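One structure is given below, encoded as structure tokens.
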Amino acid sequence: MATAATATAGSRAAVLLLLSLALALALRASGAGAGGDCHFPAVFNFGDSNSDTGGLSSLFGAAPPPNGRTFFGMPAGRYCDGRLVIDFIAESLGLTHLSAYLNSIGSNFTQGANFATAGSSIRRQNTSLFLSGFSPISLDVQFWEFEQFINRSQLVYNNKGGIYKEILPRAEYFSQALYTFDIGQNDITSSYFVNNTTEEVEAIIPDLMERLTSIIQSVYSRGGRYFWIHNTGPLGCLPYALLHRPDLATPADGTGCSVTYNKVAQRFNLRLKETVASLRKTHPDAAFTYVDVYTAKYKLISQAKKLGFDDPLLTCCGYGGGRYNLDLSVGCGGKKQVNGTSVVVGKSCENPSKRVSWDGVHFTEAANKFVFDQIVAGALSDPPVALRQACHSRGQ
């Protein structure tokens, strides 16, 4: 009898185990399990030129040709020959490319909106775009735009209907969406560009973290629960930064990148990681993913030739020759007067897919794709969750 009872108990345990496994597989297949895809219906992005899909172009004049030549075949509001990391993020989630909130023509916000603007910073710039090159659309302004977008889009969606229901998001999308942030680079460079010392630049980092925290908490208060936050890249490897402050170009590492610039970027990133961890504790019902794009970008730059690229510091779309093929007074698509005629001199290199730097400030599409491929699976994230599973990092 004892043997039979033991066998019966064993059979029941086996059945329960099989049922548990079947349930787990079903949950995983439906995306409800811990490792299942999150099915974000929309993305709302905040940032600078690294993720601007047309904001600055809508405000201050379009990014000229040859921007957009590789993928879009024409300028598309991006300071790049093609797609940005945010474009690859949208594509990988099965969403359309994000329309810039500031672009009033032909935009579709059904699956999200992009508040990023080239030249933007976390702190407000005490200058103008025309004097400094930095945007007045700071992170707090981007949040105000987001608030207006929620209020006005839902008012129109519910009261006007018709075509507006085809180009505006549903109300529930705001709590289900992925909120992406990629900003901070311009706070560091703008501080350096007014000849501040490294100590003075580092001194602003705590304030930057407080301001960023406040904005993220404000997005949380409006329903945001899933956050994907990029750190800043190796600024000492950007030709425009090296030309603006040639005194910081040395000492340089083996790749030719400024050690000083990069150390400050790393300090910013360390504080950002701590800030994200703090947000995680403060809001345990939200999912915060810190994404180390610095490592992805530096890997590309330091191993460029091994990875199929050529000189990582040589600008593709530039003018002037020299070490970087970059003249700060003539940007990509820029013109000069030659014998009384305006001539385009800021021309693209023949094969952008072999270059890392597009215009001395931004990456090429090929470089952006490499960075995306490095971060999409979560290998460089804290916690180490994949993009499609970024809703599962609550409390981690």
Side-chain angles (χ1 to χ4, degrees), residues 40-63 67-68 72 75-80 83-91 93 95-122 124-125 129 134-158 160 163-184 186 211-212 214-216 218-224 226-230:
F40 299 113
V43 171
F44 295 101
N45 181 67
F46 302 80
D48 53 32
S49 59
N50 290 306
S51 58
D52 181 3
T53 57
L56 193 74
S57 285
S58 299
L59 281 176
F60 296 107
N67 287 292
F72 301 99
R78 295 152 175 82
Y79 293 89
C80 178
R83 291 165 290 182
L84 310 176
V85 171
I86 190 64
D87 292 313
F88 292 114
I89 286 176
E91 288 178 8
L93 295 175
L95 307 177
T96 57
H97 293 155
L98 299 185
S99 292
Y101 169 77
L102 294 171
N103 189 1
S104 60
I105 306 298
S107 292
N108 187 321
F109 301 112
T110 308
Q111 297 179 325
N114 194 354
F115 304 95
T117 306
S120 289
S121 50
I122 296 172
R124 299 177 194 174
Q125 294 292 324
L129 176 75
F134 293 102
S135 171
I137 312 299
S138 51
L139 186 58
D140 56 350
V141 177
Q142 293 182 28
F143 174 71
W144 297 336
E145 293 173 346
F146 171 65
E147 275 198 312
Q148 287 199 64
F149 181 78
I150 293 178
N151 297 335
R152 295 171 65 187
S153 68
Q154 293 314 294
L155 181 66
V156 171
Y157 186 96
N158 293 322
K160 290 192 175 182
I163 185 65
Y164 295 105
K165 288 195 172 184
E166 298 178 18
I167 61 173
L168 294 173
R170 298 179 180 179
E172 61 268 24
Y173 284 7
F174 293 102
S175 61
Q176 299 170 355
L178 182 66
Y179 289 85
T180 52
F181 287 77
D182 190 333
I183 196 166
N186 292 320
R211 292 171 185 265
L212 179 61
S214 176
I215 296 300
I216 291 175
S218 295
V219 172
Y220 173 90
S221 72
R222 296 307 304 262
Y226 311 121
F227 298 88
W228 181 266
I229 303 168
H230 291 185

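Bear in mind that the values here come from a model prediction, so they are computed numbers and not experimental data.
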How would you list, by chain and number, every residue that makes a side-chain hydrogen bond (donor to acceptor under 3.5 Å, both in side chains) with [X], sequence neighbours excluded?
X: Ser218; result: none
X: Asn114; result: Asn45, Thr53
X: Ser49; result: His362

Plane angle bin for His230 and Trp228 - parallel if under 30°, tilted between 30 and 60°, otherwise perpendicular: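 Correct class here is perpendicular.
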What residues form a ring-ring contact (aromatic ring centres under 6.0 Å, His included) with [X], not counting sequence neighbours?
X: Tyr226; value: Phe40
X: Phe174; value: Phe44
X: Tyr173; value: none
X: Phe60; value: Phe130

Phe181 side chain near Val219 side chain, heavy-atom distance below 4.5 Å: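 Answer yes - side chains close enough.
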Sequence neighbours excluded - salt bridge (charged side-chain N to carboxylate O under 4.0 Å, His left out) pairs with any residue from residues 134-153: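 As it turns out, the salt bridge (charged side-chain N to carboxylate O under 4.0 Å, His left out) pairs with a partner in residues 134-153, which skip direct neighbours, are Arg124-Asp140, Glu147-Arg222.
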Side-chain donor-acceptor pairs under 3.5 Å in residues 97-106, sequence neighbours left out?
{"unit_1": "His97", "atom_1": "NE2", "unit_2": "Glu91", "atom_2": "OE2", "d": "2.7"}
{"unit_1": "Ser99", "atom_1": "OG", "unit_2": "Asn108", "atom_2": "N", "d": "3.2"}
{"unit_1": "Ser99", "atom_1": "OG", "unit_2": "Asn108", "atom_2": "O", "d": "3.4"}
{"unit_1": "Asn103", "atom_1": "OD1", "unit_2": "Ile105", "atom_2": "N", "d": "3.3"}

Centroid-centroid distance, Phe146 to Phe46, less than 6.0 Å: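 Between Phe46 and Phe146, which both carry aromatic rings, the centre distance is below 6.0 Å.
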Side chain to side chain contact (heavy atoms under 4.5 Å, CB included) partners of Ser121, counting only residues at least two apart: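 With sequence neighbours excluded, Ser121 shows a side chain to side chain contact (heavy atoms under 4.5 Å, CB included) to Gln125, Asn186, Asp187, given in chain and number order.
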With Lys165 via side chain to side chain contact (heavy atoms under 4.5 Å, CB included) - residues at least two apart: Tyr157
Residue Tyr164 excluded, over 12 heavy atoms near OH under 6.0 Å: no
Sequence-distant partners of Asp48, salt bridge (Lys or Arg N to Asp or Glu O under 4.0 Å), two or more places apart: none
